[in-house]
Student: 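Before I ask anything, let me first share the structure, which is written out below as structure tokens.
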Amino acid sequence: TGFVTQNYNTHLKKANDLDIYRNKLERLLDLGSFLERELKKNTIFIAPTGSQALINYLPGLSSKSKVVFFRTDQFSIHPVNRGQVDLVVSPDDISIKKRVAVLKKYNVDCILVENKIVKEYYSAYPDLFRIQEFQGFWIIHFLDARKE
């Protein structure tokens, strides 16, 4: 019975992983539809980087979502300091002045995160940012006066 139990648990885990992955993809599809509907123009985003990161999905989710950094330097139009990109979406205590400097440097319109701590950090600056929530994603609009 040990083999049967092990085999059953392995398949059950794979089924659960598949459900989790399917739900993630459905959320991303919903986010893409939302962005396509809500964005009025092409919008430059910063989002967390890494192999399974939001920034890797954004260009495929909406024709209006553009990213500062896409997967590797090879796919990025302009040279990008990835450390600076990561600084903007970090939950660490990094000054708003440093974050805003990066947003301006790369002409960023929005930050996309799932991290509530990051969202709450930016919500403390309503004169600089407007925040939209969609199914556990936060779209943080940078209200840079030179773009208005």
Side-chain angles (χ1 to χ4, degrees), residues 1-94 96 98-100 102-126 128-144:
T1 59
F3 173 75
V4 172
T5 304
Q6 176 64 29
N7 198 20
Y8 178 77
N9 287 338
T10 301
H11 288 295
L12 185 60
K13 183 179 180 337
K14 287 180 183 177
N16 284 340
D17 290 347
L18 189 58
D19 285 343
I20 290 167
Y21 184 68
R22 186 189 71 240
N23 291 340
K24 177 183 178 178
L25 290 179
E26 285 176 0
R27 280 185 66 225
L28 289 170
L29 285 171
D30 291 345
L31 175 64
S33 296
F34 177 79
L35 293 174
E36 195 66 30
R37 215 176 32 253
E38 294 293 316
L39 299 175
K40 305 301 181 222
K41 61 179 180 68
N42 286 346
T43 302
I44 299 173
F45 280 87
I46 280 184
T49 63
S51 64
Q52 296 296 313
L54 285 172
I55 204 161
N56 294 333
Y57 293 101
L58 268 168
L61 295 179
S62 166
S63 66
K64 298 174 189 170
S65 60
K66 310 302 176 199
V67 293
V68 169
F69 177 83
F70 185 66
R71 296 189 181 156
T72 71
D73 294 331
Q74 171 184 355
F75 298 123
S76 298
I77 296 172
H78 305 288
V80 174
N81 180 325
R82 198 163 157 188
Q84 288 180 335
V85 170
D86 291 338
L87 177 136
V88 170
V89 295
S90 172
D92 297 337
D93 189 22
I94 298 161
I96 193 66
K98 285 183 182 178
R99 292 173 190 252
V100 166
V102 173
L103 295 173
K104 287 183 177 184
K105 177 179 180 177
Y106 296 113
N107 295 311
V108 173
D109 299 302
C110 293
I111 304 164
L112 178 66
V113 294
E114 291 179 275
N115 187 316
K116 191 172 186 175
I117 295 169
V118 174
K119 183 270 299 186
E120 294 195 3
Y121 177 89
Y122 285 104
S123 68
Y125 301 94
L128 294 174
F129 303 97
R130 179 178 58 86
I131 300 174
Q132 271 183 298
E133 189 272 335
F134 180 78
Q135 294 184 6
F137 296 104
W138 285 283
I139 302 145
I140 304 166
H141 299 266
F142 181 37
L143 307 174
D144 186 4

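For the single chain, residues carry numbers from 1 onward in sequence order.
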Student: F137: which residues meet the ring-ring contact (aromatic ring centres under 6.0 Å, His included) condition with it, sequence neighbours left out?
Tutor: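 Here no residue qualifies.
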Student: Just do the side-chain contact (heavy atoms from CB on, under 4.5 Å) check on V102 and V108 with the steps written out, would you?
Tutor: CA-CA 8 Å; V102 173; V108 173; over 6 Å; no
Student: Could you tell me which residues satisfy salt bridge (Lys or Arg N to Asp or Glu O under 4.0 Å) with R27, sequence neighbours excluded, listed by chain and number?
Tutor: E114
Student: Does the pair Q135 and F34 meet the rule for a side-chain contact (heavy atoms from CB on, under 4.5 Å), with working shown?
Tutor: CA-CA 10 Å; Q135 294 184 6; F34 177 79; over 6 Å; no
Student: Cut-off 3.5 Å, no hydrogens considered: what does the side-chain donor-acceptor table look like for residues 87-94, sequence neighbours left out?
Tutor:
| unit_1 | atom_1 | unit_2 | atom_2 | d |
| --- | --- | --- | --- | --- |
| S90 | OG | D92 | N | 2.9 |
| S90 | OG | D92 | OD2 | 3.3 |

Student: Mind telling me whether F129 and Y122 have parallel, tilted or perpendicular rings, with 30° and 60° as the class edges?
Tutor: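 Y122 and F129: perpendicular rings.
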Student: Run the side-chain contact (heavy atoms from CB on, under 4.5 Å) check on K41 and D109 step by step: do they pass?
Tutor: CA-CA 10 Å; K41 61 179 180 68; D109 299 302; 3.6 Å; yes
Student: side-chain contact (heavy atoms from CB on, under 4.5 Å) between V118 and W138: does it pass, once the steps are laid out?
Tutor: CA-CA 9 Å; V118 174; W138 285 283; over 6 Å; no
Student: If you take all heavy atoms of G32 and S62, which pair is closest and at what distance?
Tutor: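 Looking at all heavy atoms of both residues, the shortest contact is O-CB, 4.0 Å.
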Student: So does E38 get a backbone contact from the side chain of E36, meaning a donor-acceptor N/O pair under 3.5 Å?
Tutor: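 Answer holds: no.
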Student: How far apart are the closest heavy atoms of P48 and V113, and which atoms are they?
Tutor: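 Scanning both residues completely, I find the closest heavy atoms to be CD-CG1, 4.3 Å.
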Student: Among I140, T43, I44, L35, whose side-chain contact (heavy atoms from CB on, under 4.5 Å) with C110 holds?
Tutor: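 Running side-chain contact (heavy atoms from CB on, under 4.5 Å) over I140, T43, I44, L35 with C110 returns exactly one hit, T43.
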